[in-house]
Student: 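Pasting a structure below so you can have a look.
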Amino acid sequence: MSEKEIKAKTETPMLDELKTGPWPSFVADLERYSEKKPAVGQLLGQLEQSYEDRWNYWQGTVLNVDGYGGGVIARYSELGEQYPDIAQFHTIRVIPPPGWVYSTEKLRELCDIWEKHSAGIMQLHGMTGDILLLGTDNKTTFEAAEELMEKGWDLGGSGPALRTLACCVGEARCEAACFDTMALTKHLTDNYISELHRPELPYKYKFKLSGCANDCAASMQRSDMPVIGTWRGAMQINQDEVGKFIDDKGIEFVIDNVLTRCPTNCISLKGKTIDVDNDNCVRCMHCINVMHRALKPGKDRGATILIGGKRTLKIGDTMSSVLVPFMPLKTEEDFTKLTDLIDSIWEFWGDNGLEHERIGEFIARVGLGTFLEGIGLEPDPQMINQPRTSPYIKFEELTGSKIDGEPEHNPAVSNEEGEMAEKAI
Amino acid sequence: MSEKEIKAKTETPMLDELKTGPWPSFVADLERYSEKKPAVGQLLGQLEQSYEDRWNYWQGTVLNVDGYGGGVIARYSELGEQYPDIAQFHTIRVIPPPGWVYSTEKLRELCDIWEKHSAGIMQLHGMTGDILLLGTDNKTTFEAAEELMEKGWDLGGSGPALRTLACCVGEARCEAACFDTMALTKHLTDNYISELHRPELPYKYKFKLSGCANDCAASMQRSDMPVIGTWRGAMQINQDEVGKFIDDKGIEFVIDNVLTRCPTNCISLKGKTIDVDNDNCVRCMHCINVMHRALKPGKDRGATILIGGKRTLKIGDTMSSVLVPFMPLKTEEDFTKLTDLIDSIWEFWGDNGLEHERIGEFIARVGLGTFLEGIGLEPDPQMINQPRTSPYIKFEELTGSKIDGEPEHNPAVSNEEGEMAEKAI
Amino acid sequence: MSVKTKKKMAPRDNGAPDHRPNLHPLMLKNYGKWDYHEKLRPGLLLYVAESGDKLWTVRAGSPRTMSIDTVRKICDLADKYAQGHLRFTSRANVEFSLANEDDIEPLMEEIRSVLGFPIGGTGHSLSNVLHTQGWMHCNLPGTDAAGSVKSIMDQFINEFVTDDKLPARVKISASCCQINCGGQADIAINVQHHHPPVIKPQGVGICELPKVVAICPVAAIRPRQGDDGKTTMEVVDEKCMYCGACHGQCPTMEIRDANTDTLSIWIGGKNSSTRKGPSFMKLAMWGLPNNPPRWPEVGEALQTILDCYKSSAKQYERMGEWIDRIGWKRFFEMTGFPFTKYHIDDSVSARSTFNTSTHVRI
Amino acid sequence: MSVKTKKKMAPRDNGAPDHRPNLHPLMLKNYGKWDYHEKLRPGLLLYVAESGDKLWTVRAGSPRTMSIDTVRKICDLADKYAQGHLRFTSRANVEFSLANEDDIEPLMEEIRSVLGFPIGGTGHSLSNVLHTQGWMHCNLPGTDAAGSVKSIMDQFINEFVTDDKLPARVKISASCCQINCGGQADIAINVQHHHPPVIKPQGVGICELPKVVAICPVAAIRPRQGDDGKTTMEVVDEKCMYCGACHGQCPTMEIRDANTDTLSIWIGGKNSSTRKGPSFMKLAMWGLPNNPPRWPEVGEALQTILDCYKSSAKQYERMGEWIDRIGWKRFFEMTGFPFTKYHIDDSVSARSTFNTSTHVRI
Ligand code: SRM
Ligand code: SRM
Ligand code: SRM
Ligand code: SRM
Ligand code: SF4
Ligand code: SF4
Ligand code: SF4
Ligand code: SF4
Ligand code: SF4
Ligand code: SF4
Ligand code: SF4
Ligand code: SF4
């Protein structure tokens, strides 16, 4: 690789192209803001350099706030000479209120703290769900953190630790919600705040909570333990509204957009009413989404607990899969049942997981059967789509076939030496 | 294992239980026949012993008819002392007429030959499709084989060779047939008769031919190369018959048993007629099966060529998968295109396959992409259900990204030694 | 490739007999020109050609293994009623095709009385059970197949002789070892081993060692120097998954055990691409005793499965499709079969069998 | 577990801020008691509570990365119109909830004029693109994400500000390295490497060698004694699959290459269990140049995909479901994207991606 000399940029022609167009431009915003904070201008300078070279100039490092093992993503610039104000340029991850709801009071408080101590850039929000505050150095990181915590905020997760939780808006504004996503997010965060701050797990562990199968928190592939709302028993059907819907949209529409879309074909049309085979309804939400005035989740609500979702590294993408088909999540006791489950999972994984091995990888390695034994959960056919197809089963049980009064041992095999060569035919 | 003395049976109390009941009893039949052929009685004796001990008393061996490397499944009994007439008790596999059709003349001819030379047991047919003739010894095997061949019959396949082909009744009696299964079975058998008789492939290779997706030859999981009839273009629809069917069965029946069962949801109801989205019809046959007076396969017919089906040994069950989505199979040239394909597959597999490695295992090992390159076939999206999900692609191509006027090399990476320890965050 | 031929030898490489002279005259005449068929009643179909020709087909159950005498009796009936032709189906049933409607009744009568074969196996029936050699001829079997088929078909004769008592066609196979020459089916009965192979001392040496070592899918077999200095083999128990591949390669690797082998039932296999496409069969129950001559425990389990299937499946829903729809949870509930950790796939692609959705039935 | 605390330190382990005081008053009042919602127009939903209360929600697109000034302007609008509350969505959009219908128009006006944010992202729209740090902050990126998002959203602004021009919701993510912090989506843009990592000589020694060796999924990295006697590493090129896992573990293992890295487009990912359940995203196109500042080749490809999707998908059919129905053959035909051998899975579970049926579209 050839060396080349890099000079600090005063112009950013490539980035400038990102100032035009109808979508709000982060470049325009930051450029304006750079009048207040020179670091932001230097950030744009280094970014321009990256655009030019198609190359990155950040190096990672480690910086911890006292008492914490994570929460700060520390960076130093390889172009620190050219851009001294961003020589150190760290991000603090801050836990948002569940569901990313803010009073302007709290959000302004955050702005004030951040403006005081840093370059003053916010990302709302990070992909895991954190408030990302960009632009402190090795010193201001601590000052900002102390002030944040003083005001009741807390640092988010990073490293081999529980990560900041995320949830959909849920019961706060959505009629589809089957459990209180915000309350559980808060409960789990607080209950496991130590595991979130002090990396002691084999690797990262993410929760994402969605109030129903629509999964607006996109938990299935982005969290190690999705908690997704569902219900037991019959769906709520308002047949009058069904009738109105059919009148309004026409029968073909209902066939093409509701009946034939049900994954288990469990809706049938009876004149101007519909009949749902509740035993086979898999609570997918589709019919409810389409006919939401007529259909609603059932009344006995709770959540499905899933496990093992993550992105590709090492064994390829893993999708979460069902661990507990239904768990009520209303009372303290319900919450305790869930945390008991989590405790036993973390214990078994903690004892047996490899470094940098996420729970999905761990289960893939040891096998779901072994995992269930390890955490003391009974196998349930709902955990799988189908039983094994391979007949090669490693039974621990020896017997089963013995029939009363039958010979105790195999009959003697012939004593003759095999005289002819055996060939697979 | 303890030795125990085994005596020749004169009674068969366990087998006798299989003489009762409404289903025809092979025991009763063979017992009757044992009056003519004492070997058959001894066979029942040894079988009784097996029933008693839940143990088998046959050993395999090898016996070949001159000029052939297979076709005889040779067995000697471990209880040859007790049952001398079945000390050697071989099976000859004989190629049946395609589709297992017989004139009584030919079938009687077979009976005559077999009665003359053997214990006179026939299995119609073996699971691969052969006529199985049981009960020759090391000498009569040859006599029977010679006489069979004299009369135009031929031995079936065994060992690492092409196996006897099987096909559904097809055009001979079924309106669903999309190609002439019998003619192609005959053609492939005759064309590859040498490969069938002289084991020279890495391992066994089975063809099964079905005239349509109903797969009455059960080829998908039981043959290395299923050939399954299909059509191009529009399905034939007789809307009058559709109307009659709807009148007869009712609209709900049509929704529940036809529309919602279509794997691609491509049938829609327009009053008393139906509309098939032929682009998305995957020729599954279901609607045609249910409404066979109203619907028929399209007129431009041929077959899908699939590859790789087999049972579990080593890598687990493999299901055949699409190799050529559509191939007309009417003319000599069509047949030649197919045999060209087979030739190139056998060549590549022959050169690179391991011993006892079937084509499905071979493809699993080398990868479908490599296999296609090896046999000179273009990748076709119909071969797969979905493209890869893993981003880890081993490109042979280096470039693609280079943009005109951009730097030739990567920018220099920082010269500073990393001063701080890097940790995965 | 040229073939060595000796004097007086019969012709070699004859190939497949021509089907045409073996075809019923009406099948030959209307070859490729059939218009439609009708299910008239169990075991009886009418095929109508574009020419207007009509052909009636009578299907009868056969035990597959037959004496020459029995085969000749079949020929007699074909000569008398079916213009001297007959065929066997891919499930080893016998089919007589008739040019004359009047022959149907007498033929059926004689099939029952002379052959003792039941008539049926068409439509939504439980057709003949595909099976394998068993103790009658193979060198590998852990159980018999013909016998268990006889028992099954005796038990389910009503499902064979009717064509509308089942939601869809039911295909069963019974195999005599785990290799499963009987193939995938809606229901398959298969042998299950419970421990690694035991190496028979007297046999060592008769097989090609490298081949035996090579066949093991999990590399559990390794050569070992025996006490007598001879090279023998040993099996690493922790690795071995009791597959028996080595036993097929070398009879010395005795995988069978009359005391501990059990039978398993696998369900939901399907070859047809009809509707959702083919599927493998899945483990429904393991640990059934290998109990000749009538394997009553297998019969009981089959009865349970078929009863549940009948009561809950929709028309045209094959066994596997039915369970896909109602879910395996309901299947295990309905049948009362235990769901165990052994039902959970533990192969490299196990994850693809997990329920990676929130689809649950509660 | 006890926490070391020092004098004068702020309280630790505060946990998550309470959502209740942060909730819009009507959301708090009607918490868990919402009856239904109505899509009034793009970017505007009406939520009706069981109590009869009405709440209007206006959704605006945000660039996610914002200066403090901009965040404060958002607060200003929330104070003026939304009872001093606001929220962000899981796709980084801003939502203002209004108690008064009359505030809708003025708020929308000010969102556009003061913030410069477009209104939309509801219903069957192309919502905000999820993205990652890129060259602004991460240490691993091969491309930028915020910039490509800006370009994409500029291009597809009409799909954002309407809610019925697309068959269903379209979720896009753009990530700056193959790790893909942006996550699975209907369409995802991802970096693709074309050769094994190059080991930067100056860096060797800074990482924990065993960890680097251990992270490689295919065991392609092994320790090697350098000329200077120091232990360094080498990569076995034949084994390496260019995954970059080692690069995340140790910056010395430089996997990026500005000259040869390309961008790929992956489609059909879905998290919702709605209808058929979640799915992974699949490779649609590879080899697109990494072309800042506007990545026009990516934009072109997206346009093609969205055009085809619009013209051919049924309502409620997410990207992946649409392709499942029409088949990948048609997808590649319609888009004109080449189908190459690299599209075929070559992992251990590759066979599960094969078309194991006769289902073909011809
Ligand atoms: C900041 C963020 C992207 C963003 O701009 O929003 C991010 C940034 C990084 N991710 Fe991520 N990930 C972020 C969400 C995700 C997500 C999505 C999610 O959490 O919902 C994923 C996919 C889901 C998952 O967890 O698998 C994700 C999958 C990864 C992975 C791959 C993990 C795997 O097992 O496949 C790595 C690499 C690793 O863990 O070794 C990684 C590693 C990283 C690191 C720490 C790179 C590194 O190893 O040094 C990045 C730090 C960048 C920086 O400078 O801040 N990041 N990362 C997201 C966290 C913000 C927040 O806290 O809210
Ligand atoms: C005679 C035979 C073909 C042959 O060349 O021997 C045959 C003949 C017919 N089959 Fe078949 N099938 C025959 C074995 C099969 C097999 C293979 C097997 O049994 O092992 C299958 C695939 C099984 C599987 O999926 O593994 C098979 C799957 C079908 C299907 C698709 C069923 C489904 O929905 O999955 C149909 C369509 C239907 O039922 O309408 C069908 C339909 C038919 C029709 C109606 C076709 C026709 O128009 O003639 C014929 C039967 C009438 C009837 O009611 O039985 N046939 N059919 C085979 C009779 C076997 C027997 O004696 O029982
Ligand atoms: C005779 C027959 C069973 C029957 O009673 O009908 C049979 C019998 C044997 N099979 Fe089979 N297979 C028979 C059809 C099948 C089928 C079904 C088919 O061909 O449609 C299969 C499943 C499909 C497949 O090919 O995978 C089958 C899968 C096997 C296997 C497993 C192959 C695998 O790769 O998984 C073996 C073992 C092997 O090849 O190593 C095997 C091996 C054997 C051997 C040769 C056992 C051995 O290795 O010594 C058996 C000889 C028994 C004997 O004494 O005749 N047989 N075998 C069938 C052949 C008769 C015929 O020619 O018509
Ligand atoms: C606000 C938000 C939740 C939050 O807590 O932030 C949300 C809110 C709603 N979602 Fe969502 N979804 C939100 C992200 C998601 C996500 C996650 C994502 O975008 O990454 C998903 C899953 C995506 C996936 O599969 O990977 C998601 C999948 C759905 C679905 C299922 C769509 C489908 O058919 O697959 C519905 C149902 C529907 O469309 O009727 C839905 C429906 C809804 C409803 C109608 C629920 C309701 O009654 O309030 C809400 C939206 C109105 C609208 O038209 O946008 N929402 N929704 C998120 C808005 C993101 C944005 O700004 O664009
Ligand atoms: S996941 Fe369900 S409950 Fe949550 S916001 Fe989406 S639709 Fe509402
Ligand atoms: S919620 Fe889903 S599974 Fe249940 S009835 Fe509606 S569409 Fe069918
Ligand atoms: S596979 Fe098709 S063509 Fe052949 S017999 Fe069956 S239904 Fe007829
Ligand atoms: S043949 Fe199958 S795919 Fe085609 S329209 Fe009929 S049911 Fe649908
Ligand atoms: S299933 Fe096993 S024992 Fe039975 S015939 Fe096949 S190889 Fe022999
Ligand atoms: S039984 Fe299978 S796994 Fe065990 S040693 Fe034999 S071949 Fe290997
Ligand atoms: S996608 Fe890669 S480069 Fe981008 S933030 Fe995530 S880890 Fe960093
Ligand atoms: S890029 Fe991936 S496969 Fe290659 S050496 Fe690094 S970790 Fe191993």
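Throughout, a chain's letter reflects where its sequence line sits, starting with A, and its residues are numbered from 1.
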Student: Closer than 4.0 angstrom, basic N to acidic O: yes or no for C:R12 and B:D154?
Tutor: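 Looking at B:D154 together with C:R12, the answer is no, because their closest N to O distance does not fall below 4.0 Å.
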Student: Can you say whether B:L313 sits under 4.5 Å from chain C via the side chain, the backbone, both, or neither, judging by heavy atoms?
Tutor: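 Interface part for B:L313: side chain.
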Student: What closest approach, in Å, do C:P251 and B:Q59 show between heavy atoms, and which atom pair accounts for it?
Tutor: CB-OE1, 4.0 Å
Student: Need one label for C:N158: side chain, backbone, both or neither, based on atoms under 4.5 Å from any heavy atom in chain B.
Tutor: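 Interface part for C:N158: neither.
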Student: Side chain, backbone, both or neither: which part of B:R173 has a non-hydrogen atom closer than 4.5 Å to chain C?
Tutor: both
Student: Find out whether B:V290 and C:Y316 are in side-chain contact, i.e. whether some heavy atom of one side chain is under 4.5 Å from a heavy atom of the other.
Tutor: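 A side-chain contact exists here, since the closest heavy-atom pair is under 4.5 Å.
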Student: Need one label for B:L196: side chain, backbone, both or neither, based on atoms under 4.5 Å from any heavy atom in chain C.
Tutor: neither
Student: Does any backbone or side-chain atom of B:C212 lie under 4.5 Å from a heavy atom of chain C? Answer side chain, backbone, both or neither.
Tutor: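 For B:C212, no heavy atom lies under 4.5 Å from chain C.
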Student: Does the structure place the NZ or CZ of C:R256 under 6.0 Å from the centre of the six-membered ring of B:W55, at an angle of no more than 45° from the ring's axis?
Tutor: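 Yes, C:R256 and B:W55 form such a contact.
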Student: Please classify the contact between B:T20 and chain C as side chain, backbone, both or neither, with a heavy-atom cut-off of under 4.5 Å.
Tutor: both
Student: Decide, yes or no, whether a salt bridge links B:E175 with B:K296 under the criterion of side-chain N to carboxylate O below 4.0 Å.
Tutor: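 No, this pair does not count.
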Student: Which bit of B:H197 comes within less than 4.5 Å of chain C, counting heavy atoms only: side chain, backbone, both or neither?
Tutor: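 Side chain of B:H197 only, per the 4.5 Å heavy-atom cut-off to chain C.
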Student: Could you look at B:E17 and say if it's the side chain, the backbone, both or neither that has a heavy atom under 4.5 Å from chain C?
Tutor: both
Student: Count the heavy-atom pairs under 4.5 Å between each of B:C262, B:P263, B:P24 and chain C, then report the option with the highest count.
Tutor: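 Of the candidates given, the most pairs with chain C belong to B:P24.
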Student: Less than 4.5 Å to any heavy atom of chain C: does that hold for the side chain of B:A218, its backbone, both, or neither?
Tutor: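 Both backbone and side chain of B:A218 come within 4.5 Å of chain C.
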Student: Is it the case that more than 12 heavy atoms not belonging to C:Q315 sit under 6.0 Å from its CD atom?
Tutor: yes
Student: Any Lys/Arg nitrogen of B:R293 or C:D35 sitting under 4.0 Å from an Asp/Glu carboxylate oxygen of the other?
Tutor: no
Student: With only heavy atoms counted, which part of B:V169 is less than 4.5 Å from chain C, the side chain, the backbone, both or neither?
Tutor: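 Both parts, backbone and side chain.
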Student: Mind ranking C:A245, C:A185, C:P141, C:G183 by heavy-atom pairs under 4.5 Å with chain B and telling me who comes out on top?
Tutor: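 Looking at each of C:A245, C:A185, C:P141, C:G183 in turn, C:P141 comes out on top.
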Student: Looking at B:W58, B:Y76, B:Y57, which one forms a ring-ring contact (aromatic ring centres under 6.0 Å, His included) with B:F89?
Tutor: B:W58
Student: Let's test your reading of the structure: which of C:T89, C:L55, C:D76 forms the most heavy-atom pairs below 4.5 Å with chain B?
Tutor: C:D76
Student: Whether C:E321 and C:K276 form a salt bridge (side-chain N of Lys/Arg under 4.0 Å from carboxylate O of Asp/Glu) is what I want to check.
Tutor: no
Student: Which bit of C:T274 comes within less than 4.5 Å of chain B, counting heavy atoms only: side chain, backbone, both or neither?
Tutor: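 When you check distances to chain B, atoms from both the backbone and side chain of C:T274 fall under 4.5 Å.
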Student: B:H187, B:E115, B:R283: which one forms the most heavy-atom pairs within less than 4.5 Å of chain C?
Tutor: B:E115
Student: Heavy-atom distances under 4.5 Å only: say whether C:P21 touches chain B with side chain, backbone, both or neither.
Tutor: backbone
Student: So for C:F88, is it side chain, backbone, both, or neither that comes closer than 4.5 Å to the heavy atoms of chain B?
Tutor: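 The answer is both parts of C:F88.
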Student: Side chain, backbone, both or neither: which part of C:K29 has a heavy atom under 4.5 Å from chain B?
Tutor: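 Neither part; nothing is under 4.5 Å.
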Student: Which bit of B:L43 is near chain C, if near means a heavy-atom gap under 4.5 Å: side chain, backbone, both or neither?
Tutor: side chain
Student: With chain C as the partner, which of B:D215, B:V27, B:N289, B:L354 has the greatest number of non-hydrogen pairs under 4.5 Å?
Tutor: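 Maximum pair count with chain C is reached by B:D215.
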Student: Using 4.0 Å as the upper bound for N to carboxylate O, is an ion pair formed by B:R261 and C:E317?
Tutor: no
Student: Using the ring centroid of each side chain, check whether B:Y51 and C:W295 are separated by less than 6.0 Å.
Tutor: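 Judged by ring-centre distance (under 6.0 Å), B:Y51 and C:W295 do meet the cut-off.
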Student: At a heavy-atom separation under 4.5 Å, does B:F253 approach chain C through its side chain, its backbone, both, or neither?
Tutor: side chain
Student: Under 4.5 Å from any heavy atom of chain B, what part of C:I157 do you find: side chain, backbone, both or neither?
Tutor: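 Side chain only.
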Student: Looking at C:N180, C:I179, C:L115, which one has more heavy-atom pairs under 4.5 Å with chain B than the rest?
Tutor: C:N180
Student: Check whether more than 12 heavy atoms from other residues, nucleotides or ligands sit under 6.0 Å from atom CD of C:E50, and answer yes or no.
Tutor: yes
Student: With a 4.5 angstrom heavy-atom cut-off, which part of B:T318 approaches chain C: side chain, backbone, both or neither?
Tutor: backbone
Student: Take atom NZ in C:K39; do more than 12 heavy atoms of anything else shown fall under 6.0 Å from it?
Tutor: yes
Student: Which atoms of C:C176 are under 4.5 Å from chain B, going by heavy atoms: the side chain, the backbone, both sets, or neither?
Tutor: neither
Student: Just so I understand: if I count every heavy-atom pair under 4.5 Å between each of C:Q184, C:H137, C:H85 and chain B, which residue has the most?
Tutor: C:H137
Student: Under 4.5 Å, counting heavy-atom pairs only, tell me which of C:S349, C:G269, C:S62, C:A49 racks up the most with chain B.
Tutor: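 Among C:S349, C:G269, C:S62, C:A49, the one with the most close pairs to chain B is C:S62.
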Student: Output yes when B:D190 and B:K186 qualify as a salt bridge under the 4.0 Å nitrogen-oxygen rule, no when they do not.
Tutor: yes
Student: Walk me through whether C:R72 and C:D79 qualify under salt bridge (Lys or Arg N to Asp or Glu O under 4.0 Å).
Tutor: CA-CA 10 Å; C:R72 283 190 181 130; C:D79 283 337; over 6 Å; no
Student: Under a 4.5 Å heavy-atom cut-off, does chain C meet the side chain of B:P13, its backbone, both or neither?
Tutor: neither
Student: Heavy-atom distance under 4.5 Å to chain B: side chain of C:F160, backbone, both or neither?
Tutor: side chain
Student: Name the member of B:I121, B:T185, B:T91 that forms the most heavy-atom pairs with chain C at distances under 4.5 Å.
Tutor: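 Among B:I121, B:T185, B:T91, the one with the most close pairs to chain C is B:T91.
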Student: Identify which of B:A213, B:A172, B:P226 forms the greatest number of heavy-atom pairs closer than 4.5 Å to chain C.
Tutor: B:A172
Student: Would you call C:K73-B:D29 a salt bridge at under 4.0 Å N-O?
Tutor: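 Looking at C:K73 and B:D29, the cut-off is not met.
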Student: Do the non-hydrogen side-chain atoms of B:M122 and B:L132 ever get within less than 4.5 Å of each other?
Tutor: no
Student: Salt bridge or not for C:D69 and B:K36, using N-O below 4.0 Å?
Tutor: yes
Student: Salt bridge or not for C:K150 and C:D144, using N-O below 4.0 Å?
Tutor: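 Salt bridge between C:K150 and C:D144, a charged N being under 4.0 Å from a carboxylate O: no.
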Student: Name the member of B:A177, B:A176, B:S25, B:A217 that forms the most heavy-atom pairs with chain C at distances under 4.5 Å.
Tutor: B:S25
Student: C:R20, C:K33, C:Q133: which one forms the most heavy-atom pairs within less than 4.5 Å of chain B?
Tutor: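 Option with the greatest count: C:Q133.
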